[in-house]
Amino acid sequence: MGSVGDKLDIESDEEISFSSSHATNKIESLHFESAHMASPRSFYSSRVLRKVHQISYFRSVYFVILKAKINVLLPFGPLAILLHYLTKKHEWVFFFSLVGITPLAERLGYATEQLAFYTGPTVGGLLNATFGNATEMIISLYALNNGMMRVVKQSLLGSILSNMLLVLGCAFFCGGIVHQQKVQVFSKATALVNSGLLLMAVMGLLFPAVLHFTHTEVHFGKSELALSRFSSCIMLVAYASYLFFQLKSQPNLYSSIDEDRENNAENSDEEEAPEITQWEAIGWLAILTVWISVLSGYLVDAIEGASDSMNMPVSFISVILLPIVGNAAEHASAIMFAMKDKLDITLGVAIGSSTQISMFVIPFCVVVGWFMGKPMDLNFQLFETATLFITVLVVAFMLQEGTSNYFKGLMLILCYLIVAASFFVHVDPSKEGE
């Protein structure tokens, strides 16, 4: 019996070894074949991957272009370009360019907000402010290249006033209406540092204007320009130091109340998730910025003709109309975050944007004008400088408590209406550079 059992064991071992060797030969032949020709499964998987990418692209197009109702205004952009070449009606070119840029600015804010999901709240707020200001920066560079220094100054000034009074006011008002039963709070540290930077910017703009209007320059016309360029370099250094301080040196000082609240709440009712991927958001930012820059050129070319046709001061168009369109992204996102009780992000968008324009964009334009041979300076005339100074003081007083309500928002909106009415009846004393 033992010999029979041994025989069976030997036979079974031989069968197993034979079958395994046969299997390995098959596997080796399959590997050899797959090295020379792709298997149907790899074809299938690559097709599936291609379909997944196509679905992802279509999905991002849906979220960025088709989903937003404001995109019904997109055809006005190409229409403005057609009118520019077919007719000489500057007011229509200006109006259609203005309307066509509005949805682009809003979608730019959406793409930045999506990118902020991947970068975190602090960097996200900075990105939101930066790309939110892309429209004003592009318009300013076009106007600067055309030698329209007053338009550059007034549009950037109007953007600061619009962000601090209209955008922040609407955000406080809507947030206060939605959350009437409680006091909305935000980080006082961030608000105070931004208020200090805004006052420093006012100081940088005030001295060249005072020097000019008191006629106390050492070299008439040259000292004012030299002081403006020196002050611009100092302001750029200050803004770079502020970014380093905020992002690297002491980031804990800027940890928002909203962030702490989110970390404490483990089970939130609705978790927000990005709708498009990080690279799709970057791609859309590039596309939208290019399209805005194209339309901005036609908009700037039509400003003076539109002013004459509509009997509207260039200062009113530059300070009130252009910034409202350019700030569409900040306006929408600041109100949305305030209604979600995320006031720290609202302040990062509205006040952070004003700080960036006053401490970075304006000095940057002065330095760029220096390299271009354009006499761009920080003399914003007494009327504009006084308006900015009073606005910064009003907003600083509103922010010092670290709380907000709908009444504070209403006060800021009413202040903006007074500013808008003032520029409507204001005649620009200087026509230099236009």
Answer yes or no: is there a side-chain heavy-atom contact under 4.5 Å between [X] and [Y]?
X	Y	answer
Ile335	Thr346	no
Phe172	Leu412	yes
Ser309	Lys89	no
Leu414	Met411	yes
Thr277	Ser60	no
Leu347	Leu399	yes
Ile160	Ile362	yes
Pro313	Phe423	no

Just how far is it from atom [atom1] of [X] to atom [atom2] of [Y], taken to the nearest 0.5 Å?
X	Y	atom1	atom2	value
Ser315	Arg150	OG	CZ	8.5 Å
Ile81	Leu295	CD1	CG	5.0 Å
Leu236	Tyr239	CG	OH	10.5 Å
Thr355	Phe360	OG1	CZ	13.5 Å
Gln154	Glu384	CD	CD	5.0 Å
His426	Phe424	NE2	CZ	13.5 Å

Check whether any side-chain N or O of [X] sits under 3.5 Å from a backbone N or O of [Y] as a donor-acceptor pair, and report yes or no.
X	Y	answer
Lys408	Met398	yes
Asn146	Met148	no
Asn379	Phe213	no
Asp377	Ser228	no
Glu275	Gln114	no
Gln184	Ala338	yes
Asn71	Ile65	yes
Asn145	Leu141	no
Ser318	Ser155	no
Ser307	Met312	yes

Report task. Would you check, one step at a time, whether the test ring-ring contact (aromatic ring centres under 6.0 Å, His included) holds for Phe96 with Phe76? Result -> CA-CA 5 Å; Phe96 285 149; Phe76 282 92; 5.3 Å; yes

Query raised in the report: For the side-chain contact (heavy atoms from CB on, under 4.5 Å) test, which of Val202, Leu198, Leu388, Leu199 pairs with Leu393?
Result: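 Of the listed options, the one satisfying the test is Leu199.
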
Query raised in the report: Tyr62 ring centre to Arg59 NZ or CZ under 6.0 Å, with the angle to the axis within 45°?
Result: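 Ring-cation test returns no.
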
If you compare all heavy atoms of [X] against all heavy atoms of [Y], which two are closest, and at what distance to 0.1 Å?
X	Y	result
Leu343	Val185	CB-O, 3.9 Å
Ala171	Ala334	CB-O, 3.7 Å
Val394	Cys415	CG1-SG, 4.4 Å
Asn163	Ala350	CB-O, 3.6 Å
Leu378	Gly204	CD1-O, 3.6 Å
Ala111	Ala281	O-CB, 3.8 Å

Query - Working for side-chain contact (heavy atoms from CB on, under 4.5 Å), residues Met376 and Lys153 - result: CA-CA 9 Å; Met376 174 72 182; Lys153 294 175 185 177; 3.8 Å; yes

Report task. Determine, stepwise, if the pair Phe383 / Ser422 fulfils side-chain contact (heavy atoms from CB on, under 4.5 Å). Result -> CA-CA 10 Å; Phe383 183 80; Ser422 302; 3.8 Å; yes

Requested in this report: Tell me yes or no: between the side chains of Tyr298 and Tyr142, is some donor less than 3.5 Å from an acceptor?
Outcome: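 There is no such pair (donor and acceptor under 3.5 Å, judged by atom type) between the side chains of Tyr298 and Tyr142.
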
Report task. Kindly indicate, with the supporting measurements, whether the criterion side-chain contact (heavy atoms from CB on, under 4.5 Å) is fulfilled by Cys170 and Leu166. Result -> CA-CA 6 Å; Cys170 288; Leu166 185 63; 4.1 Å; yes

Requested in this report: In sequence, state the C-alpha distance, the side-chain angles, and the governing distance for Leu115 and Gln278, and then conclude on side-chain contact (heavy atoms from CB on, under 4.5 Å).
Outcome: CA-CA 6 Å; Leu115 189 59; Gln278 183 176 1; 3.7 Å; yes

Report task. Classify the angle between the aromatic ring planes of Phe95 and Trp92 as parallel (below 30°), tilted (30 to 60°) or perpendicular (above 60°). Result ->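 Aromatic pair Phe95/Trp92 classed perpendicular.
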
